[in-house]
2 protein chains.
Amino acid sequence: MPTTTAQQRRKHAKEEYDAFLAACPSRLVLDRLSDKWVTLVLVALGDGEQRYSEIARIIAGVSQKMLTQTLRGLERDGLVTRTVTPSVPVTVTYELTDLGQSLRAVIGAIKDWAEQHIPQVEAARADYERRTA
Amino acid sequence: MPTTTAQQRRKHAKEEYDAFLAACPSRLVLDRLSDKWVTLVLVALGDGEQRYSEIARIIAGVSQKMLTQTLRGLERDGLVTRTVTPSVPVTVTYELTDLGQSLRAVIGAIKDWAEQHIPQVEAARADYERRTA
DNA sequence: CGGAATCCTGCCTGATACTG
DNA sequence: CAGTATCAGGCAGGATTCCG
């Protein structure tokens with residue numbers, strides 16, 4: 001008679017739940033958007049194609065590692081196209097696909113919500129501080 | 001003559017940029033939504049008020065620590081209300097505010113996008129695997 | 001110029017145990 | 001039942017260095 005049954009049971013339930021979450025389409029999108037840099041890159045590419053170094057300059061705070069990682073992910077998901085011009089030195093440009101553009105619209109929706117409701121959120125925060133202080 | 005000027009300059013630029021981002025309303029919302037549990041709690045409360053233990057049961061995979069932390073954050077931002085009934089033992093219920101309801105609508109928008117476009121994303125991924133394999 | 005590989009650190013998270 | 005406190009592990013993310 002194992003004494004760890006309860007623990008194992010819980011762990012198992014958790015794993016199943018995680019699997020369920022992983023399969024959820026919304027989570028997939030959410031996970032992408034949650035990535036700080038994804039949003040910024042999407043916006044940076046909003047005006048049209050940009051070179052790698054241009055994006056890096058526009059976003060300023062990003063490390064090459066994260067920028068490359070982000071761009072790879074977006075390319076993988078079909079949100080941006082990557083074009084290599086084999087000149088010397090190499091030139092690489094990125095551009096939003098139609099899919100990428102449509103995702104940008106979602107970001108717009110979030111932005112709109114934020115701009116409309118942030119005052120309320122901040123008021124609530126101030127209120128909360130006051131009550132708990 | 002400092003030899004680390006370039007580094008410091010970059011670091012400084014990064015800090016400014018971070019501050020800029022922190023001030024961005026959209027980021028604030030995005031950071032909240034990015035939290036895996038926030039979305040789930042919002043949805044769990046969608047049907048009406050729930051008790052703490054009910055939420056924990058519905059979401060299943062969450063630890064009390066994270067659940068409490070999440071609920072505190074939502075309360076702080078005025079997205080949910082917390083009601084304590086001083087019976088024995090204590091009963092605590094949570095409910096979405098109007099603000100919380102409206103944020104739930106945003107999640108709905110994301111869900112809609114996901115359901116419409118995920119097939120394309122997955123096709124892109126399969127394609128990407130093929131090309132890079 | 002654009003990117004890959006390596007190392008290293010801080011924070012987020014979960015498990016556990018205790019209070020009212 | 002609802003919540004706090006403490007501790008330990010994992011991994012996301014940055015800095016650095018080298019390749020095409």
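In this text the structure is predicted, and so the values were computed from the model without any measurement. Each chain gets a letter, A, B and so on, in the order the sequences are listed, and its residues count up from 1.
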Using nucleotides 2-4 of chain C, report all nitrogen or oxygen pairs with the protein that are shorter than 3.5 Å.
residue, atom, partner, partner atom, Å
C:dG2, OP1, A:R51, NE, 3.4
C:dG2, OP1, A:R51, NH2, 3.3
C:dG2, OP2, A:S53, N, 3.1
C:dG2, OP2, A:S53, OG, 2.8
C:dG3, OP1, A:R82, NE, 2.9
C:dG3, OP1, A:R82, NH2, 2.8
C:dG3, OP1, A:Y94, OH, 2.9
C:dG3, OP2, A:Y94, OH, 3.3
C:dA4, OP1, A:R72, NH2, 2.9

Filtered N/O pairs between nucleotides 6-8 of chain D and protein, under 3.5 Å:
none

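With rounding to whole Å, A:L67 atom CG is found 18 Å from D:dA12 atom P. Taking atom CD of residue B:Q50 and atom C1' of nucleotide D:dA2, one finds them 16 Å apart after rounding to whole Å. Atom CD in A:Q69 sits roughly 8 Å away from atom C1' in D:dA12 (whole-Å rounding). When the P atom of D:dA12 is taken as reference, atom CH2 of A:W37 falls 16 Å away, rounded to whole Å. Put simply, CE on B:M66 is 17 Å from C1' on D:dA2, counting in whole angstrom units.
Within 6.0 Å of CG on A:D112 lie more than 12 heavy atoms contributed by other residues, nucleotides or ligands.
Nearer the 5' end of DNA chain D, as judged by each residue's closest nucleotide, is the contact made by A:V62, out of A:V62 and A:P89.
Atom CG of B:L99 is separated from atom CD of A:Q120 by 5.0 Å, given to the nearest 0.5 angstrom. Here OG1 of A:T39 is found 9.5 Å from CD1 of A:I59. Values are rounded to the nearest 0.5 Å.
The main-chain N or O of B:Q50 is never found under 3.5 Å from a side-chain atom of B:T93 such that the two would form a donor-acceptor pair. Looking only at distances, no side-chain donor or acceptor of B:S87 sits under 3.5 Å from a matching main-chain atom of B:V90.
A single hydrophobic cluster is not seen to contain both B:L28 and A:V43; linkage of ILVMFWY side chains at heavy-atom distances under 4.5 Å, directly or through other members, places them apart.
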Show me, pair by pair, the donor-acceptor contacts under 3.5 angstrom made by side chains of residues 67-77 of chain A, not counting sequence neighbours?
residue, atom, partner, partner atom, Å
A:T68, OG1, A:Y52, OH, 3.0
A:T68, OG1, A:Q64, O, 3.0
A:T70, OG1, A:M66, O, 2.6
A:R76, NH1, B:E129, OE2, 3.1
A:D77, OD1, B:R125, NE, 2.6
A:D77, OD1, B:R125, NH2, 3.3
A:D77, OD2, A:R32, NE, 2.5
A:D77, OD2, B:R125, NH2, 3.3

message: Please evaluate residues B:L96 and B:L42 with respect to the criterion side-chain contact (heavy atoms from CB on, under 4.5 Å), reporting the C-alpha separation (whole Å), side-chain torsions for both, the decisive distance (0.1 Å), and the verdict.
response: CA-CA 8 Å; B:L96 285 184; B:L42 250 40; 3.9 Å; yes
